[in-house]
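Reviewing the structure listed below.
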Amino acid sequence: MRIVSMRRRISVGWDWKSEVSQSQSQRGIVTSCRAVVLPRFGGPEVLEVRPNVEVPDLKPNEVLVRARAVSVNPLDTRMRSGYGRSIFEPLLPLILGRDISGEVAALGASVRSLIVGQEVFGALHPTAIRGTYADYAILSEDELAPKPVAVTHVEASAIPFAALTAWRAIKSTARISEGQRLLVIGGGGAVGFAAIQLSVAAGCHVTTTCGSQSIDRLLAAGAEQAVDYTAEDLELAIKGNFDAVLDTIGVPETERVGINLLKRGGHYMTLQGEAASLTDRYGLAVGLPLATAVLLKKQIQYRCSHGIEYCWTFMRADSEGLDEIRNLTEAGKLKIPVEKTFPIVQVREAHEAKDKRHIHGVQIFVGGNFQYAVANL
C-alpha cells in the first residue's frame, strides 16, 4: 500500500491521521491498498485477497474512508454467487461489501459536512462496483454520517445497510407514524430486526414472524407479537389488520398472507423484487422492461382488488435516514447483534459460514489494525 501527500511520497509507516488533520487542503491520497476481489462468480473459494488494488481518484463529492470494520451481508454472498450478473459480469473483477465503519482519510473538493480524521459509518448503494472489503473505501458524502460514539466500529459496521433498507420501506415509502400497526414478515433477519426497532422507536405497534430461535430477541426489541412461522398458521395466529407490511421473505405464500392482512390504503413492501432475477434471465434489454411491466401489473391488480399500495423496496443513500439511525443507535434504541469475528484473510471461511447459516447475528472478519464485519441475521 502506498500513501501520497501533496508535497512528498512517504512510506506505509506514516502517521497519516496526525498530519492530514492539520489542514483540510493537505489531503492524504491512497493510490493502492489491500482488498478482497471477486474475479468471477461462484462459491466462497473464488474470493481473493489482493495486496495492491488501485484506489481511484476522488470525485468532488466523494470521501476516502480508512476501514476499521465492514459488514458482510446477504447481498454480498448473493452477488458473489451471480445475483445481478446481467449488470455486474461485464464489470468484473468487483470488490464486494456495502457497510463500513472507519475514519475519514481524504475528502473530495466539494465535501463540507465531514473532516479528515473523523470517525464515520455508512453504506454504499447496492449497485456499487467498488465495495468496502478493502483497507480504503470510497463513498459519497451523503452515504456517510459521524459514527455513533456509543458503539464500536465493529458494532457500527453492522448497522447502515440493513437499517437504511428498513428505513426506505417503512419511513420513505409507507411513512408509518405513531400508533400505526406494522407487520414484519421475517423479523429474524437484519433488515427485519432493524425495521422492528425503527418502528417501535416511532411509537408503532409491531407484529413479526420468525423462527423459534428468534422469538425472545424480537420481543425484547419491542415487538408486541412474534409468531413462529414453522409451528403456527400465520393467518390464524396474527390478529387484526395492518397499516403496512414489510415482507423480507418475498415468496408467493408470504405475499398472499401479507396482502390479506393489510388495511385498505396500506402498503405492502417486499425486498424480493423481480428486477434482478428477470434481467439475469433475459438480459437488460428484455429483463428490465419485463420487470417494470410485472411490477406495474401487480400494483394495478392489488390497488383494484384490495385497495393497497404494492412495491419492491431496496436500500438507497438517505442522509436524513442515516442521521436518525445514528441518533437511535446512540440512544441504545437500534442495534444489530455481533456474534463472531473473522480475519480478512479468512473471508472465504466467513462467507462459507454465512452460506451455511452456521452463525446467527453478525460475523466479523479482522485484518491488520482494522476489522471487517459479516452480517448474517
Side-chain angles (χ1 to χ4, degrees), residues 71 73-75 98-99 123 126 158-211 214-227 229 234 238 241-251 254-255 257-259 261-263 266-273 308-318 320-329 331-337 360-362 375-377:
S71 166
N73 57 59
L75 178 61
R98 294 296 172 265
D99 291 299
I159 295 168
F161 191 84
L164 281 168
T165 303
W167 169 273
R168 171 79 185 276
I170 63 177
K171 290 295 189 77
S172 295
T173 301
R175 299 186 180 278
I176 60 167
S177 58
E178 185 175 0
Q180 291 190 317
R181 301 189 72 215
L182 173 72
L183 171 62
V184 178
I185 300 176
V191 175
F193 191 50
I196 292 169
Q197 295 173 87
L198 288 170
S199 302
V200 169
C204 295
H205 306 282
V206 182
T207 294
T208 187
T209 70
C210 59
S214 300
I215 289 177
D216 290 343
R217 177 166 54 86
L218 302 189
L219 292 174
E224 296 180 357
Q225 182 183 18
V227 179
Y229 72 93
L234 298 184
I238 298 174
N241 292 322
F242 296 86
D243 298 285
V245 172
L246 175 59
D247 185 355
T248 72
I249 308 300
V251 297
T254 59
E255 180 173 309
V257 170
I259 293 291
L261 286 171
L262 271 172
K263 298 176 182 178
H267 287 79
Y268 171 87
M269 302 157 291
T270 177
L271 301 183
Q272 310 302 330
I308 61 97
E309 298 299 319
Y310 176 99
C311 77
W312 298 341
T313 190
F314 55 91
M315 178 270 184
R316 71 175 179 187
D318 188 317
E320 179 187 353
L322 192 56
D323 283 340
E324 181 168 338
I325 287 164
R326 175 184 180 272
N327 291 335
L328 290 174
T329 301
K333 296 180 179 181
L334 176 61
K335 183 177 183 180
I336 305 295
H360 299 283
V362 175
N376 190 34
L377 274 175

**OP:** Carefully, step by step, assess N241 and L262 under the rule side-chain contact (heavy atoms from CB on, under 4.5 Å).
**Re:** CA-CA 5 Å; N241 292 322; L262 271 172; over 6 Å; no
Subject >> Full working for salt bridge (Lys or Arg N to Asp or Glu O under 4.0 Å) between R181 and D243 >> reply: CA-CA 5 Å; R181 301 189 72 215; D243 298 285; over 6 Å; no
**OP:** Show your working on side-chain contact (heavy atoms from CB on, under 4.5 Å) between I325 and D323 and close with a plain yes or no.
**Re:** CA-CA 5 Å; I325 287 164; D323 283 340; over 6 Å; no
**OP:** Starting from the C-alpha separation in whole Å, work towards a yes-or-no answer on salt bridge (Lys or Arg N to Asp or Glu O under 4.0 Å) for E324 and K171.
**Re:** CA-CA 11 Å; E324 181 168 338; K171 290 295 189 77; 2.9 Å; yes
**OP:** Using the side-chain contact (heavy atoms from CB on, under 4.5 Å) rule, take I308 and I259 through it: C-alpha gap first, then chi angles, then the decisive distance, then the call.
**Re:** CA-CA 8 Å; I308 61 97; I259 293 291; 3.6 Å; yes
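Judged by distance alone, the side chain of Q197 and the main-chain N or O of K335 form a donor-acceptor pair under 3.5 Å. Judged purely by atom type and a 3.5 angstrom limit, T173 has no side-chain atom pairing as donor or acceptor with the backbone of I170. Side chain of R168 to main chain of M315: no donor-acceptor pair is present (N/O by atom type, distance under 3.5 Å, no hydrogens or angles). For the pair Q180 (side chain) and H205 (backbone), a donor-acceptor distance under 3.5 Å is absent. A distance-only check finds no donor-acceptor pair linking the side chain of S214 to the backbone of C210 [under 3.5 Å].
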Atom pairs and distances, side-chain donor-acceptor, residues 185-196, under 3.5 Å, sequence neighbours left out:
none

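Here L164 contributes atom CG and R316 contributes atom CZ; the two are 10.5 Å apart, rounded to the nearest 0.5 Å. Between L261 atom CG and F242 atom CZ the span is 6.0 Å, to the nearest 0.5 Å. Distance check: M269 CE to T248 OG1 gives 11.5 Å after rounding to the nearest 0.5 Å. Expressed to the nearest 0.5 Å, how far OG of S199 lies from CG of L182 amounts to 4.0 Å. One finds the CG atom of L219 at 9.0 Å from the OG1 atom of T208 (value rounded to the nearest 0.5 Å). For the atom pair L183 CG and T209 OG1, the distance stands at 6.5 Å (nearest 0.5 Å).
Geometrically, R98 does not engage F161 in a cation-pi contact defined by less than 6.0 Å to the ring centre and at most 45° from the axis.
The minimum heavy-atom distance linking L322 with P160 is given by the pair CD1-CB, 4.4 Å. In this structure, E255 and Y310 approach most closely via the heavy-atom pair OE1-OH, 3.2 Å. Smallest separation of non-hydrogen atoms from G258 and V245: O-CG2, 3.6 Å.
Counted within 6.0 Å of NZ on K333, heavy atoms from surrounding residues, nucleotides or ligands total 12 or fewer; the atom is thus considered open.
Side-chain atoms of H267 and E309 form no donor-acceptor pair, as typed in the model, at a separation below 3.5 Å.
Remark: of the listed residues V200, L198, L246, V200 is the sole one forming a side-chain contact (heavy atoms from CB on, under 4.5 Å) with V206.
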